[in-house]
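Encoded as structure tokens, the structure appears first; notes follow it.
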Amino acid sequence: MFAKKKDTAPAPAFTPLAMEPAPQAAQAPTPAPPPRPKPASMIAQGVAIKGDVMGDGEVHLDCVLQGDIRVGKLVLGPNARVEGALQAQVIEIHGRVTGTVCAKQVRLYGTAVVDGDITHEQLAMETGAQFQGRSLKFQRPVAAPVATPAPVPAAPAAHAPAMAVYPG
């Protein structure tokens, strides 16, 4: 009566559907994280350098250097002794410099001794700092005046003699 019939039909074969990549929602590009500041290069006391130092980063020197320095920011420690020209955006001097100094911001600390001209936009000196030379302020470029055409002299209406001459 309630007998189960055997199913002789084969089970349907399972075929996976071909999957197309789902369209991704338009994502706003994430901004790159700001670049990490470069660590300062440091040269300690007891080192002597003969030659120029150049770069765009920050340099801390507490050594003896004969040569020119051109960097982004320069900090001369209390034991620093430099003979040469210094050029940077910011210069802080605790030691001794013999040569020209050129920077937007220059700060001479109480232990600083500078023998040479300083060209700057801002100059700060602590009590005790020694400076022998000229302090020259940067001259920002002045905007060129707008050239206006020179007025054209009006042509005289008729030639008139400068002095009337009467025959006489």
Side-chain angles (χ1 to χ4, degrees), residues 17-156:
L17 295 174
M19 297 294 287
E20 292 181 21
Q24 294 182 1
Q27 295 179 353
T30 57
R36 295 182 2 188
K38 297 178 185 176
S41 298
M42 300 182 72
I43 301 177
Q45 182 179 3
V47 176
I49 299 173
K50 194 170 198 175
D52 297 342
V53 175
M54 293 185 194
D56 60 354
E58 183 174 343
V59 176
H60 291 238
L61 298 177
D62 209 17
C63 63
V64 175
L65 186 137
Q66 283 186 321
D68 298 340
I69 302 174
R70 178 182 230 150
V71 294
K73 180 179 179 183
L74 177 63
V75 178
L76 296 178
N79 299 307
R81 304 289 180 262
V82 178
E83 291 182 22
L86 309 181
Q87 186 172 356
Q89 293 292 317
V90 177
I91 296 178
E92 298 178 6
I93 302 174
H94 296 266
R96 180 180 297 270
V97 175
T98 303
T100 60
V101 176
C102 183
K104 286 186 179 181
Q105 297 177 4
V106 178
R107 183 174 184 102
L108 305 180
Y109 288 87
T111 56
V113 177
V114 177
D115 186 9
D117 296 345
I118 299 177
T119 304
H120 58 87
E121 279 186 17
Q122 297 176 355
L123 174 62
M125 292 178 61
E126 287 187 353
T127 303
Q130 298 176 34
F131 169 44
Q132 179 68 39
R134 296 181 299 171
S135 168
L136 306 167
K137 185 106 169 142
F138 270 138
Q139 297 298 320
R140 291 187 182 248
V142 179
V146 177
T148 56
V152 177

Restricting to side chain to side chain donor-acceptor pair (under 3.5 Å), what partner residues turn up for Ser135, sequence neighbours left out?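 Listed in chain order: His120.
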How would you list, by chain and number, every residue that makes a side chain to side chain donor-acceptor pair (under 3.5 Å) with Gln89, sequence neighbours excluded? none
Check: residues 73-81 side-chain donor-acceptor pairs under 3.5 Å, at least two apart:
{"unit_1": "Asn79", "atom_1": "ND2", "unit_2": "Gln45", "atom_2": "OE1", "d": "3.0"}
{"unit_1": "Asn79", "atom_1": "ND2", "unit_2": "Asp62", "atom_2": "OD2", "d": "3.3"}
{"unit_1": "Arg81", "atom_1": "NH1", "unit_2": "Pro78", "atom_2": "O", "d": "3.3"}

Once side-chain contact (heavy atoms from CB on, under 4.5 Å) is applied, do any residues pair with [X], and if so which ones, sequence neighbours excluded?
| X | value |
| --- | --- |
| Gln105 | Val90, Gln122 |
| Ile49 | Ile43, Val47, Cys63, Leu65 |
| Met42 | His60 |
| Asp56 | Lys38 |

Output the distance between atom NZ (Lys104) and atom OG1 (Thr119), rounded to the nearest 0.5 Å.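 Result: 14.0 Å between the selected atoms.
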Can you tell me how far CG of Leu61 sits from CD1 of Ile93, rounded to the nearest 0.5 angstrom? 11.0 Å
Check: Thr100 main-chain N/O paired with Asp117 side-chain donor or acceptor under 3.5 Å: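 Here the side-chain-to-backbone pair does not exist.
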Across all chains, not counting sequence neighbours, the salt bridge (Lys or Arg N to Asp or Glu O under 4.0 Å) partners of Glu126 are Arg107
Here the ring pair (Phe, Tyr, Trp, His ring centres under 6.0 Å) pairs for residues 73-119, sequence neighbours left out, are His94-Tyr109
Sorted by first residue and then second, give each ring pair (Phe, Tyr, Trp, His ring centres under 6.0 Å) pair with at least one member in residues 64-84; sequence neighbours left out.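 Not a single pair qualifies under ring pair (Phe, Tyr, Trp, His ring centres under 6.0 Å).
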Among residues two or more places apart or on two chains, list those pairs meeting salt bridge (charged side-chain N to carboxylate O under 4.0 Å, His left out) that have a residue in residues 40-55.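 The answer is none; no pair qualifies.
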Minimum heavy-atom distance Glu121-Lys137, with the two atoms named: O-NZ, 2.5 Å
